[in-house]
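The block underneath contains the structure these notes are about, expressed in structure tokens.
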Amino acid sequence: MEEPRIGVYLCWCGTNISKMVDVEAVTKEVSTLPYVVLSKNYKYMCSDPGQDLIIKDIKSHNLNRVVVAACSPRIHELTFRNACEKAGINPYLFEMANIREQDSWVHTDRSEATLKAIDLVIAAIRRVRYHEPLQKRTVNVDPATLIIGGGISGMSAALEIANAGKKVYLIERADHLGGQVARFDLTFPHLSSAQQMIGPMIQRVENHPMISVSLNTEVKEVDGYIGNFRARLAQKGAEQPEITFGNIIAAIGLKPFDPSVIEEYSYGKFPDVITSLEFEDNLRAGRILTKYGKEPRNVAIIHCVGSRNRKYHEYCSRVCCMVALKFVHEIRAALPEANIYEIYADMRAYGKGHEEFYAMTTHKQIIFLMYDQQKRLPVIREAHRDDDCNMLIEMNELLSGIDIEVPVDMVILMVNMEAHENVKEVVRTIGVSLCGNQFFIEKHPKLDPVATTTGGVYIVGTCQGPKDIPDSVAQAKAAAARILATIAQGSVPVEVTTAIVNESLCCGCQTCISVCPYSAVSYDEIKKASVVNEVLCKGCGTCGGCCPAGAITSKHFTDRQILSEIEGIMSMSY
Amino acid sequence: MSVRVQPELRSQLIQFGIGDWNACYHCGTCTAQCPLSEEGFLFPRKKIRLMQMGLKDELEASVEPWLCYYCGDCSTSCPRDANPGELMMSLRRYLTSIYDWTGLSKKFYTSELWELGFIIVFAILVVLSFLVLLPSMGYHFTRELTAQGGVQLNAFAPIHVVETFDWCMAAVVASLLISNILRMYYKIIWKYGNMKVSLWVHIREFWLLIFNFAVQPKFNKCDDKRYWLSHWFLMSGYTIMFIVIVVYLPWFQTQKILPIWHPQRLLGYYATFGLLFGLFVAIIGRIQRKDVKFLFSHISDWLFLAMLTLTAITGILIHIFRINGMPLATYISYITHMAVLVPMILIEVPFSKWSHLAYRPFAVYFQQLKRYAVPRESGHP
Amino acid sequence: MSQEPTKPKLKLAIYWGAACGGCCVSVLDTHEKLLDIVAAADLVFWPIAMDIKYKDVENMPDKSIDLTLFNGAVRNSENKHMAQVLRQKSKILVAYGSCAYMGGIPGLANFFSKNDIFKRAYEETESTFNPEKTYPVTSTSVKEGTLEIPVMFNDVFPLDQIVDVDYYIPGCPPQSERLIEVFSAIVTGIGLPPAGSVVGANDKTNCDECKRKKSDKKQVRKFYRPWEIQDDKETCFIEQGVICMGPATRSGCGVRCVEGNSPCRGCYGPPPGATDPGAKMMAAIGTMINSNDPDEIDNIIETIVDPAGLFYRFSLPGSILGRKVI
Amino acid sequence: MNFRPTIVAFLCNWCAYTGADLAGTSRLHYAPNVRIIRIMCSGRIEPTFILKAFKEGADGILICGCHPGDCHYQEGNYKCLRRFKLLEKFVSQMGIEKERLKLEWISASEGKQFAELVNEMTKTILQLGPGKVKKTLEFEHLKTK
């Protein structure tokens, strides 16, 4: 191995780092370490001048290793790797120290943060010394796409891809397309008909030559990797022929919250306490009647049912406030004389036209009553014998602090959007992760909200988190664009940091074979050693973590590299 | 014990002013910026809430609407244009009708027919008294002038008869107003909540009532000080006029033309100036509609201004015509003056807008009583 | 093995530190090949076989010994002194056997402190009668003067922690055949790896040579100690639930223990890819626990009675931690 | 001198490291004693790393992976758990307090939990005092390098 010549670069990140870390001191501290040729700092290393600084130094000082101490490698590792490559050294001869997210932003003592930064930079320097050049690899992309879920998100993505002339397999578990939107009457805030929107869309999907729709169908198993997946489907339990495709979009949608677990609301006990979706059914049928067949004179809409409550779900379902206001419009139109109560915890009208819609609705003679979501939910009781109403809602009205009772004949519960009940199953088959609320987790919450950490798998619509129709459609089309881009490219880069076997050390104990979740490791009878299928390997390194002989390891995460990092991180320890 | 919401209260409330308070989404900006709103007596937001929910008893027990002097800053700062200031104004009208046991107040506020009819009927009665009743009692119109060349007013409007009538009218108005104030006391202090206020506190804090009536320090706490001055002129002018006309009529309504520095004339001029100045500001404001407090004018507002202006102008005319020895003009002015003044006092003082001259200082007094009635642990002394 | 008559004979020293004597015996176990050794080399120092005083060794010129086979760990001041002397006098110093290489069986003393050991030895053992609690002292005055005995250290050290070592020959004891190979390489200078290497053993671990049937089904729900199970004599020990150090132990011994139907105990030490064979073995065995349920995993680990002793039987002082924390 | 513990944390790239980044982007403050090492999966973490960190002077060691069932590589965290349990037994045999070695599941959304975990661990280590692994051998006998 050639003598390491390491260039170290510290980023100020404006004041984000320099405010809490004495960048100058760190630069000086590490400048004398073995193999460090130069150490510099700059205001924004990720900027063009910052990158140019590295590129110039690599050329003029003949550097063969680069360390950048800046933000999280999850943000800019690729940026700097590309800069290294531009300067002519292998991008993997680079290491990043995270002194922003994991240092300057989380500490308040400048000297401690500076000491920590020194440790982290030394660790990176010690590690990069043992980095080895790795070669990029690509695989071809099958132009077909599998879309799981035939709701508005799945269909939007399907049409987008199919209109580009690429094959789409659209799989729907139910016996019809349309998903939740097919249940809606009107949509907010324009009060346009959901049926008129979704109906023609379903027809376009069903008649599209490039879309193959399979109803009553579930995905049994997905094998393969980005660009080259294959799946077994089952239609009504019967196995279907295997299909192959290059990308997957999960659009499995949501499940409405079951309010019967909330005792206060007596859902299931009182026939006129109904969920928002049941009310949509009523609206579509064109009749707002109590179970006794009478027009309700008092209608209450309770918000945040199962949402924003530690007992049920802490998150906000985002659309229910607007749906409730939409109900107000529809009820007011049908029952001009009815008393309408909006019993809410907070009114959220964040979207385009939403605040205006809310303001407009307030003039529909609605009585808004606020309750404390955390302290006391409203309680629905049976009315007294001499009351001229069906039920009474007892609540503490938060804005006045007064305990009130509200006479009602019908209560609509704005139920939360829960993750789909099928979610665990899908997670298993397509290999994506779930967040704490059982929604699929995106690759990056801001910069990559449609991809997942599994290459070639995208998430759209409410399976990623509660959202309204335009957001779902936007996400669907974004995912479609991403997929079309990879199809247009024809190939995609795959994991470089795969496992590697040192065959001269492997004794053939085969411990590594059963631990591999991707069956990427197998035993070669002739070599009498384990071998890795690099296309299947995703580089988790679990095999390396169990090899008793130290024969198999993951590239870029070798024992030597990690042990050096540990030594480096502890070298200044007090 | 829960209070039941009464959405139907809305249909009653909207008759007293602007109807839609649903625009309010309770950000509390109005309360936060109001210099008069204070801990324990927060408004306007809380009162709007009571209106929205239709909590009648809570509304009627509210002292806060009277603590508002309608500077209009709340309406200016309202992000939703919910007009909290005007809602408080409407609420004052509503409360006036609630305090009034005769039900006339509500009629006047909610029916223009009733109000105009009442005014016209009384105006006719006044005119008839001058044209029919007084002549039949032997008081006649005379062209004869006094030695100083002034008009013989007392020959036409005999001072003791007018004074007697004034006293009768004052008695009626006062008894109505006092009974209304007692009802106000009953609703705010007696009935609502479980409060007890000692007699000593009642006596000790009584000065507040006088002080607030005379100075209106609360009004001056509003950020815009201009209106305090014009209102004070109006109020003091009116009060002086009211006292000299009702209590000291014989001293005021003289045939003798007194020297210009005589207190009778000076008081009269001051009162006239105060009235005219206050009226000018109010009328210009309501016409220009630049200031938010003048943005919405209920029929009762205009009627009141019109009548008061007419009263003031006719009063001036009487004075001018009298000292210049113009009998006919003096008498016509006098009849007109009385025809406007009488229904105005009868309507406005016990039943309508003018009653606030009593309700406001009493509200400050009741507020103070409430302070001493609230249990210690809730944070009040 | 033949020796060019023109070449001067090598000078060979064999020394024992904290050792059982087995390593010295392993030299004798070369049987008739010993004659070749003696033909090629003069034995200048070998306490078990020759009478020579330490003073004589100390007086030898530096680097005058061509090859020293140092067996046994460094346990006391005498071992340390001689290690330093022999380093100075030897051209090639070989850590011979598991004890010199990694600490070996004496290294298990690093699970205790010196005080623990003395207490046990001089007070608590069932056969000890020592009411006065007399402990050995390093210096005793007698009529003739002061008698000194070596100071026992608190720790057992492998040789290379005390002095630089040129080669390591693992084994408890090393296979005699391997000794011959290494010796001949040293004599001829052919096939000798760079200094610091392990010699007399292979790079691959024991499974490579093991004749037992192996598969990728290394998922264990209960571990057994060798006497707890009827060995089928043909399946990989680990697959039967018996922990065998074979996968993490260099081959070179000829898989003798497994051939004798006993699991490998790890005397040959780690392969080149691993620094700490115990840690590597824990990584492998831990992964083989066939459960994802924390409680069940605990139950399965219960069946590994003494992981420290099992995984570090020969290698504790030379391992990462080196000894038990006291 | 006051005892300032050093905690070495091994975090998997997908959940725990992202969670620690989230603690940063959320500006949650925690004790500055933790030094984070990123690995792709907690399944890569082997006892050698842990023992090495102890030997280098770490007073405490944190291992964080995805929650069970959420592993980016399906089951790496379970492999980590198995090894961890065995290592835990070994470490206590070696006289190292069990509390110095901790395995916790931190998801990508649990920045707050990560910050709390670090604070809690720092508190534990402060109570335990400095780790003794580094100083346990009789240094005077060792050759000087």
Side-chain angles (χ1 to χ4, degrees), chain C residues 74 76-77 79-80 83-84 87 110-111 113-114 153-155 157 159-165 274-298 300-302 304-312 316-317 319-326, chain D residues 42-59 67-69 71 74-98 100-101 103-105 128-145:
Chain C
V74 176
N76 59 29
S77 53
N79 302 153
K80 181 185 173 189
Q84 286 167 335
R87 174 68 273 180
N110 278 2
F111 282 118
S113 69
K114 178 177 163 180
F153 297 155
N154 191 54
D155 308 317
F157 300 97
L159 183 60
D160 70 353
Q161 286 182 11
I162 305 299
V163 293
D164 289 333
V165 170
T275 47
D276 185 321
K280 282 285 178 198
M281 204 56 206
M282 268 191 282
I285 293 293
T287 314
M288 292 172 198
I289 295 167
N290 190 10
S291 171
N292 291 336
D293 175 68
D295 294 335
E296 206 175 18
I297 294 172
D298 281 338
I300 297 172
I301 288 173
E302 280 286 288
I304 306 175
V305 179
D306 171 21
L310 182 62
F311 296 124
Y312 289 92
L316 183 62
S319 71
I320 293 172
L321 293 183
R323 67 154 17 267
K324 183 181 171 178
V325 178
I326 44 169
Chain D
S42 56
R44 173 71 186 98
I45 299 166
E46 49 175 297
T48 310
F49 303 160
I50 311 302
L51 301 180
K52 176 73 176 176
F54 272 132
K55 184 66 185 177
E56 292 294 318
D59 302 300
H67 283 271
C71 178
Q74 299 179 15
E75 292 207 315
N77 53 355
Y78 288 121
K79 306 294 188 291
C80 176
L81 172 70
R82 300 172 184 183
R83 277 177 221 145
F84 170 81
K85 290 265 183 191
L86 179 55
L87 185 65
E88 208 180 23
K89 182 170 181 177
F90 167 71
V91 155
S92 49
Q93 264 191 305
M94 294 304 286
I96 299 170
E97 298 89 334
K98 258 172 97 164
R100 292 192 190 274
L101 178 60
L103 172 70
E104 284 285 334
W105 309 128
L128 287 174
K132 295 189 283 273
V133 177
K134 195 172 180 176
K135 300 194 175 93
T136 190
L137 286 173
E138 293 173 297
F139 275 99
E140 71 269 23
H141 301 306
L142 301 180
K143 68 183 178 194
T144 45
K145 280 180 186 167

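Within every chain, numbering begins at 1; the chains are lettered A, B, ... in the order of the sequence lines, protein sequences first and strands thereafter. Below, each value reflects all heavy atoms present in this structure, side chains not excepted, and no hydrogens, waters or symmetry copies.
Rounded to the nearest 0.5 Å, atoms CZ (D:Phe90) and CG (C:Asp306) are 10.0 Å apart. Once rounded to the nearest 0.5 Å, the distance linking CZ of C:Phe311 with CD of D:Gln93 reads 10.0 Å. The line from CG of C:Leu321 to NZ of D:Lys55 is 7.0 Å long, rounded to the nearest 0.5 Å. Annotation: the span from D:Leu142 atom CG to C:Asp160 atom CG amounts to 10.0 Å, rounded to 0.5 Å. To the nearest 0.5 angstrom, C:Met282 atom CE is 5.5 Å from D:Leu51 atom CG.
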Could you walk me through whether D:Arg82 and C:Asn292 pass side chain to side chain donor-acceptor pair (under 3.5 Å), step by step?
-> CA-CA 7 Å; D:Arg82 300 172 184 183; C:Asn292 291 336; 2.9 Å; yes
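If you tally non-hydrogen atom pairs under 4.5 Å between each of C:Asp276, C:Ile304, C:Leu310 and chain D, the highest count goes to C:Ile304. Top candidate by heavy-atom pairs under 4.5 Å with chain C, chosen from D:Glu46, D:Lys52, D:Glu75, is D:Glu46.
Here the closest heavy-atom approach between residue D:Pro47 and residue C:Ala279 is recorded as CG-O, 3.6 Å. Here the closest heavy-atom approach between residue D:Met94 and residue C:Ala308 is recorded as SD-CB, 4.2 Å.
Neither the backbone nor the side chain of C:Pro317 has a heavy atom closer than 4.5 Å to any heavy atom of chain D. If you measure heavy-atom distances from C:Ser319 to chain D, you find no contacts under 4.5 Å at all. C:Leu316 touches chain D through its side chain: at least one heavy atom from C-beta onward sits under 4.5 Å away, while N, CA, C and O do not. Of the atoms belonging to C:Phe153, heavy atoms from both backbone and side chain fall under 4.5 Å from chain D.
Within the 3.5 Å criterion, the main-chain N or O of C:Pro307 finds no donor-acceptor partner in the side chain of D:Lys89.
With contacts defined as side-chain heavy-atom distances shorter than 4.5 Å, the pair C:Ile289/D:Arg83 does not qualify. Side-chain contact between D:Leu86 and C:Met288 is absent, with no heavy-atom pair separated by less than 4.5 Å.
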